[in-house]
Amino acid sequence: MTEQWGIAELAAEFGVTTRTIRFYEDKGLISPERRGQRRVYHPRDKVRLQLIMRGKRLGFSLDEIQAMIDLYDADPSEVSQLQLFLDKLRQRKAQLLGQRDDIEMALDEIDRREKQCENLLNDKQSEPRQPKAGQQASG
DNA sequence: ATTCTTACA
DNA sequence: TGTAAGCA
């Protein structure tokens, strides 16, 4: 059958371990068929895995991904699904933009401190024994 | 050989 | 998520 697979096949296809797939199931993101103890995955499970991987790439939490998947599963029109996704995308974008600003500010300050340290070091190397006036008696 | 559950890192 | 134990 080309419409149902074992956990090993699915793991290989998505480039994850079987542990990861079971982990997502534990979190409620997927619910494969059960034949006795064995898990049997269908096309809809692949779709979910695809959604999970995409969400992970974009930096969404498993909880957020689950929320989106639940809608994908519930609303056939896919409207609410797209609406939530769009909302999440905007939130994520804003978050990333904010982080980028923080990183740029940190890098700018690092540049300033770096130069400051270099100058201080050069000064100390130029005039070895003349730090401050009032304590150069030790000699 | 593989998968499954459970538990710990 | 990785790793490992003990089953089926």
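Convention: sequence-line order gives letters A, B, ...; per-chain numbering from 1.
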For this session: Could you tell me whether the side chain of Arg39(A) has a donor or acceptor atom within less than 3.5 Å of a complementary atom in the base of dT3(B)?
Result: no
To the nearest Å, how far apart are [X] [atom1] and [N] [atom2]?
X	N	atom1	atom2	value
Phe23(A)	dT5(B)	CZ	P	15 Å
Glu25(A)	dT5(B)	CD	C1'	12 Å
Ile21(A)	dT2(B)	CD1	P	16 Å
Tyr41(A)	dT3(B)	OH	C1'	10 Å

Which is true for Arg34(A) with a 4.0 Å heavy-atom rule: it touches a base, it touches only sugar-phosphate, or it touches nothing?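 The answer is sugar-phosphate, as Arg34(A) gets under 4.0 Å only of primed atoms, P, OP1 or OP2.
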- prompt: When we call it a touch if two heavy atoms are under 4.0 Å apart, what does Thr17(A) touch: a base, just sugar-phosphate, or nothing?
  reply: sugar-phosphate
Assert: residue with more 5' nearest nucleotide on DNA chain B, out of Arg19(A) and Gly6(A), is Gly6(A)
Query raised in the report: How long is the gap from NE2 on His42(A) to CD on Glu33(A), to the nearest 0.5 Å?
Result: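 It is 3.5 Å, given to the nearest 0.5 Å.
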Query raised in the report: Choosing from dC4(B), dT3(B), dT1(C), which nucleotide comes nearest the side chain of Gln37(A)?
Result: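 Side chain of Gln37(A) sits closest to dC4(B).
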| query | Would you call Glu64(A)-Arg92(A) a salt bridge at under 4.0 Å N-O? | reply | no
Partner of dC7(C) by Watson-Crick or G-U wobble geometry, both contacts under 3.5 Å, or none?
->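 In the structure as shown, dC7(C) has no Watson-Crick or wobble partner.
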>> Taking 4.0 Å as the cut-off, does a side-chain nitrogen or oxygen of Thr20(A) come that near to OP1 or OP2 on dG2(C)?
In response: yes
Does a side-chain N or O from Arg22(A) land closer than 4.0 Å to OP1 or OP2 of dC4(B), or not?
yes
_Assess the residue pair Asp70(A) and Gln66(A) against the criterion (side-chain hydrogen bond (donor to acceptor under 3.5 Å, both in side chains)); give the C-alpha distance rounded to whole Å, side-chain angles, the decisive distance to 0.1 Å, and a yes or no._
CA-CA 6 Å; Asp70(A) 286 344; Gln66(A) 174 168 35; 4.6 Å; no
Report task. Specify the residue among Arg38(A) and Lys56(A) whose closest nucleotide of DNA chain C lies further upstream toward the 5′ end. Result ->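 Closest to the 5' end, via its nearest nucleotide, is Lys56(A).
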- Quick one: does NZ or CZ of Arg54(A) land under 6.0 Å from the six-membered ring centre of Phe85(A), within 45 degrees of the ring axis?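 Yes, a cation-pi geometry.
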